[in-house]
Amino acid sequence: MSVPHSRILGTGHYVPERVLTNQELEAKVDTSDEWIVSRTGIRERHIAAEGEATSDMASEAAKRALAAAGIEATDLDLIIVATVTPDMPLPSTACFVQSKIGARRDCPSFDIAAACAGFIYGLDLADKFVRTGAAKYVLVVGVELLSRVMNWDDRTTCVLFGDGAGAAIVGASDGERGLLSTHIYADGGFTQSLQIPGGGSVEPATASSVAQGRHTVHMIGKDIFKAAVKNLSAASKAALEQNDLTTDDVDWVVPHQANLRILGGVSERVGIPMSRFYLNLERYGNTSSASIPIALDEGVRAGEIKPGQTVLVCALGGGVAWGSAVMRF
Ligand code: ACO
């Protein structure tokens, strides 16, 4: 088994107060609680307040993770924010977070865009920075404010997503506990399957692009569904193989919380029962890069994910980009 070099020293999460239920969505679009629950498992999601920004949510989650790790914001050597819903295209959301949490003015801070796999990409980077000695303490945040990029008239997407932030402090491992491996992947053959087509260099914002809803999420759900089951299963198996772990060794799978049916497929293919999948998508919907750190933090604070347990995380999202990580928590 691999020797851990870095460890998650503390986690935190934040979700906005406002809860939007399936019943409320029934009043907005032609859908039903029954359809949403049976196709996805989602019952409600949290929606950011007017004026609340991505960096506000990220900063709250970060402060909670710092407190859990027992370090100060000024101790951070690196801030990585994984998001596809930044405060603005320029500057990075990470720079807003640096300022809002009171980190050092010279602390390198940048965003990464790997959609729902963003937190695992961030963990992978953090592990490498810690491993090489380039950083002692790294803040990794997964945060999304997807309600601002939804077409609230499109029932095929607006029922799926929610807002939220999760954060982890990654530092050096002092023993057996820590990250055992990370695997990250991407397949640019699926760029059409999940997009916000407007607002970039291909389709700069115009009055017409806004009127046509080009700045909202467009998705071919079936493509993503199939890619998710296949690649999440393969990445999970790769993670176990690399560490000579059997499925019985895994205490918890903390997956990206997109859809219960996707996870059912992964459970079957990998051979780990759903009872060992840590799930909260029923209450939050799909919060993209935030979903794994939110679930990890909930599990830790509820006393269900315990020190020393073997935890497998896996995620896939737009790109498609995906990955997995195993840790002795
Ligand atoms: N309410 C009621 N009916 C709906 C709704 C809705 N909210 N959305 C779609 N339908 C209808 C469709 O219009 C279609 O009707 P039709 O047969 O008359 O044309 C019917 O339901 C079936 O639609 P499908 O798209 O075939 O439904 P499917 O079983 O594929 O489920 C879903 C759709 C849930 C989106 C599924 O494809 C899925 O989960 N895909 C993965 C997408 C995902 O999770 N994306 C998140 C980002 S990436 C990630 O996080 C992994």
Side-chain angles (χ1 to χ4, degrees), residues 20-45 82-85 113-121 142-147 149-164 166 185-187 189-197 216-236 253-267 269 277 279-282 284-295 313-324:
L20 178 67
T21 63
N22 288 353
Q23 285 74 19
E24 287 172 90
L25 282 169
E26 284 176 356
K28 289 175 190 274
V29 286
D30 181 14
T31 190
S32 65
D33 176 54
E34 194 280 319
W35 193 96
I36 302 171
V37 174
S38 65
R39 300 291 173 122
T40 71
I42 299 164
R43 291 180 191 278
E44 55 190 39
R45 67 288 290 145
T83 189
V84 289
T85 49
C116 306
F119 183 73
I120 294 180
Y121 269 61
V143 58
E144 301 295 353
L145 211 164
L146 290 156
S147 63
V149 291
M150 280 300 121
N151 175 351
W152 288 100
D153 295 324
D154 176 8
R155 67 177 183 174
T156 67
T157 51
C158 77
V159 303
L160 302 175
F161 298 96
D163 299 335
Y185 313 88
D187 180 352
F190 284 85
T191 51
Q192 299 294 324
S193 304
L194 185 49
Q195 291 190 332
I196 299 176
T216 59
V217 169
H218 290 56
M219 184 179 72
I220 305 169
K222 281 194 195 316
D223 285 3
I224 296 292
F225 192 101
K226 285 186 215 152
V229 174
K230 177 176 152 229
N231 293 319
L232 290 174
S233 303
S236 299
V253 181
V254 182
H256 168 46
Q257 314 273 322
N259 178 315
L260 209 49
R261 288 191 306 149
I262 291 176
L263 299 178
V266 175
S267 159
R269 285 191 183 207
F277 279 56
L279 300 172
N280 63 12
L281 63 91
E282 181 176 79
Y284 298 124
N286 181 344
T287 57
S288 189
S289 64
S291 87
I292 289 176
I294 291 175
V313 300
C314 56
L316 176 137
V320 288
W322 72 100
S324 64

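In listed order, ligands and their atoms are each counted from 1.
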field: Closest heavy-atom pair and its distance - Phe277, Pro255
entry: CD2-CG, 3.9 Å

query: Are side-chain N/O atoms of His218 and Asn151 paired as donor and acceptor at under 3.5 Å?
result: no

query: Would you find a donor on one side and an acceptor on the other, under 3.5 Å apart, between the side chain of Ser267 and the backbone of Leu263?
result: no

Glu144 and Thr287: CA distance, side-chain angles, deciding distance, side-chain hydrogen bond (donor to acceptor under 3.5 Å, both in side chains) verdict: CA-CA 6 Å; Glu144 301 295 353; Thr287 57; over 6 Å; no

query: Do the side chain of Ser289 and the main chain of Gly142 share a donor and acceptor less than 3.5 angstrom apart?
result: no

query: Do you know the tightest heavy-atom contact between Arg45 and Gly285?
result: CB-N, 4.2 Å

Which protein N or O atoms sit under 3.5 Å from any N or O of ligand 1? Give each pair with its distance.
from: ligand 1; atom 1: 1 (N); to: Thr31; atom 2: OG1; distance (Å): 2.6
from: ligand 1; atom 1: 3 (N); to: Trp35; atom 2: NE1; distance (Å): 3.4
from: ligand 1; atom 1: 3 (N); to: Arg155; atom 2: NH1; distance (Å): 3.4
from: ligand 1; atom 1: 7 (N); to: Thr31; atom 2: OG1; distance (Å): 3.1
from: ligand 1; atom 1: 7 (N); to: Arg155; atom 2: O; distance (Å): 2.9
from: ligand 1; atom 1: 13 (O); to: Arg155; atom 2: NH2; distance (Å): 2.9
from: ligand 1; atom 1: 21 (O); to: Trp35; atom 2: NE1; distance (Å): 3.4
from: ligand 1; atom 1: 26 (O); to: Lys222; atom 2: NZ; distance (Å): 2.5
from: ligand 1; atom 1: 27 (O); to: Arg39; atom 2: NH1; distance (Å): 3.2
from: ligand 1; atom 1: 29 (O); to: Arg39; atom 2: NH1; distance (Å): 2.6
from: ligand 1; atom 1: 29 (O); to: Arg261; atom 2: NH2; distance (Å): 3.3
from: ligand 1; atom 1: 30 (O); to: Lys222; atom 2: NZ; distance (Å): 3.1
from: ligand 1; atom 1: 31 (O); to: Arg261; atom 2: NH2; distance (Å): 3.4
from: ligand 1; atom 1: 37 (O); to: Gly221; atom 2: O; distance (Å): 3.4
from: ligand 1; atom 1: 39 (O); to: Asn259; atom 2: ND2; distance (Å): 2.5
from: ligand 1; atom 1: 40 (N); to: Gly221; atom 2: O; distance (Å): 3.0
from: ligand 1; atom 1: 50 (O); to: His256; atom 2: NE2; distance (Å): 2.7
from: ligand 1; atom 1: 50 (O); to: Asn286; atom 2: ND2; distance (Å): 2.9

